[in-house]
> 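The structure under discussion is supplied below as structure tokens; questions concerning it will follow.
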Amino acid sequence: MAEPDWGAIQLAYEAGTPYREIADQHGVSESYVRKVGKQQEWNRPAKASKGRVRKASTQSVRTDTNAHSCAPQVEHSVLEAADDIQTAYGITPRAASFVVEYMKDRNGTQAALRAGYAESGASVQASRLLANAKVRRAVDEQIQAQTARTLIGQDWVLGQWAAIATADVSELTQVRRGCCRHCHGVDHGYQYIDEAEHQATEERAEAKGYELPPFGGYGYTAHQRPNADCPMCGGEGMARVYTPDTRDLSPTARLLLDGIEQTKNGIKVTTRDRDAALDRIAKHLGMLSNSRVELSGPNGGPIQHEYNADDYRAAREKLRNRMRPDHE
């Protein structure tokens with residue numbers, strides 16, 4: 001159903017068009033047109049009385065729909081919510097509108113402006129309204145209701161557990177196997193990154209008196225795949241631990257990540273317990289039965305057992321005979 005054109009309704013209202021005619025043209029009830037016009041303080045021509053036309057009230061009112069910070073459609077929804085608050089707490093229509101507007105951003109001055117109070121005194125009006133017992137009670141209870149509506153529910157918690165239980169750990173840390181220094185070197189000789197590294201290595205070898213392996217050229221990069229024909233690593237390459245930039249993690253990977261620590265041996269990545277999350281889901285779904293078995297008698301009552309002293313003594317003696325060493 002289309003939203004009524006409240007801008008056009010206001011113009012007709014202030015032009016003195018009969019309420020019934022406005023209601024028929026815009027598909028709203030006559031009583032609601034009267035109510036909205038009263039709450040919004042729209043100017044309506046005064047009726048003639050005893051041959052004289054009374055002047056309209058000079059009370060300061062808002063006559064321009066654009067002067068309100070909200071569109072007419074939004075005002076309409078605010079009025080409907082404010083109507084319930086007005087009835088429940090016994091406050092004025094304008095004060096009820098203030099309560100509704102205050103819930104949007106908890107800004108008293110802006111709420112007063114949106115509720116239709118004059119800009120020059122909006123801050124003072126907001127302070128007075130919030131100090132009023134009835135208005136304060138309405139605000140507090142609306143805040144409590146709003147909080148209750150936004151509380152985390154079972155579905156959200158279950159979704160978090162499911163995300164942790166099914167998250168891919170490889171998004172946080174990986175073991176990558178890259179080529180060794182001989183994989184892609186010329187004739188599988190030792191490959192250097194560049195000439196500067198080669199020169200520095202030669203200087204160290206000369207100073208310590210050891211011989212360098214055959215030269216395999218330049219251009220070594222550790223992330224290249226191993227060469228299956230490499231005689232030095234047998235095509236296995238070198239294992240390296242890789243951790244991605246946490247700024248690029250997916251939402252699920254961020255949820256799985258529990259912490260990062262820089263240690264003397266490198267970066268330590270801690271993750272949340274996926275098995276524990278899966279166990280919680282299973283318990284929530286009733287998939288894990290209790291290991292304790294409870295027995296009951298007929299109709300759920302206690303089990304009836306008759307005690308016989310002679311039978312008890314005979315059973316105890318039999319047990320002793322079984323445990324006694326055989327001396328025969």
Side-chain angles (χ1 to χ4, degrees), residues 2-19 22-23 26-47 53-150:
E3 184 72 18
D5 186 350
W6 288 100
I9 292 176
Q10 181 183 358
L11 293 175
Y13 184 100
E14 295 182 342
T17 305
Y19 295 119
I22 296 176
H26 297 278
V28 294
S29 67
E30 182 180 350
S31 60
Y32 197 62
V33 172
R34 294 174 180 271
K35 177 180 176 181
V36 173
K38 181 179 179 181
Q39 289 180 341
Q40 292 296 296
E41 297 182 353
W42 291 341
N43 277 334
R44 186 169 176 80
K47 294 181 179 180
V53 177
R54 294 179 297 180
K55 294 183 178 180
S57 173
T58 57
Q59 183 182 11
S60 175
V61 294
R62 187 182 300 273
T63 59
D64 184 4
T65 55
N66 294 325
H68 200 288
S69 61
C70 299
Q73 290 82 354
V74 178
E75 290 180 10
H76 175 55
S77 63
V78 170
L79 287 172
E80 290 182 330
D83 186 46
D84 295 334
I85 293 177
Q86 175 190 350
T87 303
Y89 298 96
I91 57 180
T92 64
R94 184 72 66 84
S97 296
F98 170 82
V99 174
V100 176
E101 297 290 355
Y102 185 78
M103 297 304 299
K104 296 179 180 178
D105 53 13
R106 311 291 173 85
N107 187 314
T109 301
Q110 293 301 317
L113 288 172
R114 293 193 295 265
Y117 289 95
E119 184 176 356
S120 58
S123 178
V124 175
Q125 285 288 356
S127 298
R128 290 176 178 173
L129 287 167
L130 292 173
N132 181 280
K134 291 183 178 180
V135 175
R136 184 74 255 180
R137 175 169 164 261
V139 168
D140 291 341
E141 292 186 2
Q142 290 301 309
I143 290 176
Q144 292 176 4
Q146 186 182 69
T147 303
R149 289 193 300 270
T150 58

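Computed from a predicted structure; not experimentally measured. Reckoned from all heavy atoms, side chains included, excluding hydrogens, waters and symmetry mates.
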> Output all residues satisfying side chain to side chain contact (heavy atoms under 4.5 Å, CB included) with S29, sequence neighbours left out; order by chain, then residue number.
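Scan of S29 (side chain to side chain contact (heavy atoms under 4.5 Å, CB included), adjacent residues dropped) gives S31, Y32.
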> Check Q142, R137, R136 against D140 for a side-chain contact (heavy atoms from CB on, under 4.5 Å) and give me the one that passes.
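Result for side-chain contact (heavy atoms from CB on, under 4.5 Å) with D140: R136.
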> Check salt bridge (Lys or Arg N to Asp or Glu O under 4.0 Å) between K38 and all other residues, then give those that pass, not counting sequence neighbours.
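K38 satisfies salt bridge (Lys or Arg N to Asp or Glu O under 4.0 Å) with no residue once adjacent residues are dropped.
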> Looking at every heavy atom in both L129 and A95, which two are closest together, and how far apart are they?
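Closest approach of L129 to A95, heavy atoms only: CD2-CB, 3.9 Å.
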> Could you pull out all residues at least two apart from K134 that satisfy side-chain hydrogen bond (donor to acceptor under 3.5 Å, both in side chains)?
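For K134 there are no side-chain hydrogen bond (donor to acceptor under 3.5 Å, both in side chains) partners, ignoring immediate neighbours.
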> Test of understanding: with side chain to side chain contact (heavy atoms under 4.5 Å, CB included), list the residues that count as partners of A138, not counting sequence neighbours.
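Result, side chain to side chain contact (heavy atoms under 4.5 Å, CB included) vs A138: I85, Y89, V99.
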> Ignoring hydrogens, what is the shortest heavy-atom contact between A112 and A122? Give both atom names and the distance.
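Closest heavy-atom pair between A112 and A122: CB-O, 3.6 Å.
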> Go through the steps to decide whether T92 and Q86 satisfy the test side-chain contact (heavy atoms from CB on, under 4.5 Å), and finish with yes or no.
CA-CA 6 Å; T92 64; Q86 175 190 350; over 6 Å; no
> For R128, check side-chain hydrogen bond (donor to acceptor under 3.5 Å, both in side chains) against everything at least two apart and list the hits.
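Applying side-chain hydrogen bond (donor to acceptor under 3.5 Å, both in side chains) to R128 gives none.
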> Please list, chain by chain and in numerical order, all residues satisfying side chain to side chain contact (heavy atoms under 4.5 Å, CB included) with S127, sequence neighbours excluded.
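For S127 there are no side chain to side chain contact (heavy atoms under 4.5 Å, CB included) partners, ignoring immediate neighbours.
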> Which residues pass the side chain to side chain contact (heavy atoms under 4.5 Å, CB included) test with D105, not counting sequence neighbours?
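D105: side chain to side chain contact (heavy atoms under 4.5 Å, CB included) contacts with N107, Q110, R114.
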> Between M103 and V139, which heavy-atom pair has the shortest distance, and what is it?
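Heavy atoms of M103 and V139 come nearest at SD-O, 4.2 Å.
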> Can you see which heavy atom on Y102 is nearest to which on G108, and at what distance?
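Where Y102 meets G108 most closely, the heavy atoms are CE1-N, 3.7 Å.
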